[in-house]
Amino acid sequence: MKYWLMKSEAESFSIDDLAHAPRKTTCWDGVRNYQARNMLRDEMKRGDLAFFYHSGGDLPGIAGIVEIVRDAYPDHTAFDPDDHHFDAKSDPENPRWYMVDVKLVDKLPRVISLRELKQYAGDKLAGFQLLARGNRLSVMPVSAAQWKFINSLSKAK
DNA sequence: GCCAACGTTGGC
DNA sequence: GCCAACGTTGGC
């Protein structure tokens, strides 16, 4: 079992949107970065847990926890010319982009802001990819120790 | 294979 | 809205 962090722009799809989705489940479409895709397609498995990270907006940070409930399968939004995530270079015979399904496990009692996480960059969260300079990956691994520490933050204060 | 131009991400 | 940091594209 692995841990992950997945980013979503709060204004386009937030933790509350997921909470109101049927069965609190959604397909995680729109990943269009090879590094993120490779992790999502090759390493992410059903049963893994991930932090739901809000990017943009007033308070960028970790908003909740989701479970991967379906292994990677072709991202069909890449095949639809009317879709914002359309990519002519991906076709059903040879899909370029993949997605997983995620289900809401918990909305955290409070958002753990990026600002707060940065306070531990030289300590408990040393090496955390989210805090790496210039990091823009939308899917990234989280170590068990990092996972545990961040969860403890959500319960404190 | 190099690299300039361009587009995107995402914090601020 | 600004801009740094990337990733991608395409000419050569």
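In what follows, every chain begins at residue 1, and chains take the letters A, B, ... in the order their sequences are listed.
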Tell me: [atom1] of [X] to [atom2] of [N], nearest whole Å?
X: A:Asn33; N: C:dC6; atom1: CG; atom2: C1'; result: 10 Å
X: A:Leu131; N: B:dG10; atom1: CG; atom2: P; result: 14 Å
X: A:Leu5; N: B:dG10; atom1: CG; atom2: C1'; result: 14 Å
X: A:Tyr34; N: B:dT8; atom1: OH; atom2: P; result: 15 Å
X: A:Glu116; N: B:dG11; atom1: CD; atom2: C1'; result: 17 Å
X: A:Gln35; N: C:dA5; atom1: CD; atom2: C1'; result: 14 Å
X: A:Glu9; N: B:dG10; atom1: CD; atom2: C1'; result: 8 Å
X: A:Trp97; N: C:dT8; atom1: CH2; atom2: P; result: 7 Å

Given the ring of A:Tyr98, does A:Arg41 sit roughly above its face, with NZ or CZ under 6.0 Å from the centre of the six-membered ring and within 45° of the axis? yes
Nearest-nucleotide pick for [X], side chain only, options being [options]:
X: A:Lys118; options: B:dC12, C:dC6, B:dG10; answer: B:dC12
X: A:Arg133; options: B:dG11, C:dC6, C:dG7; answer: C:dC6
X: A:Lys89; options: C:dC6, B:dG11, C:dT9; answer: C:dT9

CG (A:Asn151) and CH2 (A:Trp147) are apart, to the nearest 0.5 Å, by 6.0 Å
Linking I/L/V/M/F/W/Y whenever any side-chain heavy atoms sit under 4.5 Å apart, do A:Leu18 and A:Ile112 land together? yes
For residues 10-17 of chain A, which side-chain N or O atoms pair as donor and acceptor with protein atoms under 3.5 Å away, sequence neighbours left out?
unit_1	atom_1	unit_2	atom_2	d
A:Ser12	OG	A:Glu9	O	3.2
A:Ser14	OG	A:Asp16	N	3.2
A:Ser14	OG	A:Asp17	N	3.3
A:Ser14	OG	A:Asp17	OD2	3.4
A:Asp16	OD1	A:Lys107	NZ	2.9
A:Asp17	OD2	A:Ser14	N	2.8

Does atom CD (A:Gln129) have a neighbourhood of more than 12 heavy atoms from anything else shown, all under 6.0 Å? yes
Considering every strand and a 4.0 Å limit on heavy-atom distances, what is the contact class for A:Arg32: base, sugar-phosphate, or nothing? nothing
B:dG10 phosphate, OP1 or OP2: any side-chain N/O from A:Lys7 under 4.0 angstrom? yes
Taking OP1 and OP2 of B:dG11, is either one under 4.0 Å from a side-chain nitrogen or oxygen of A:Arg115? no
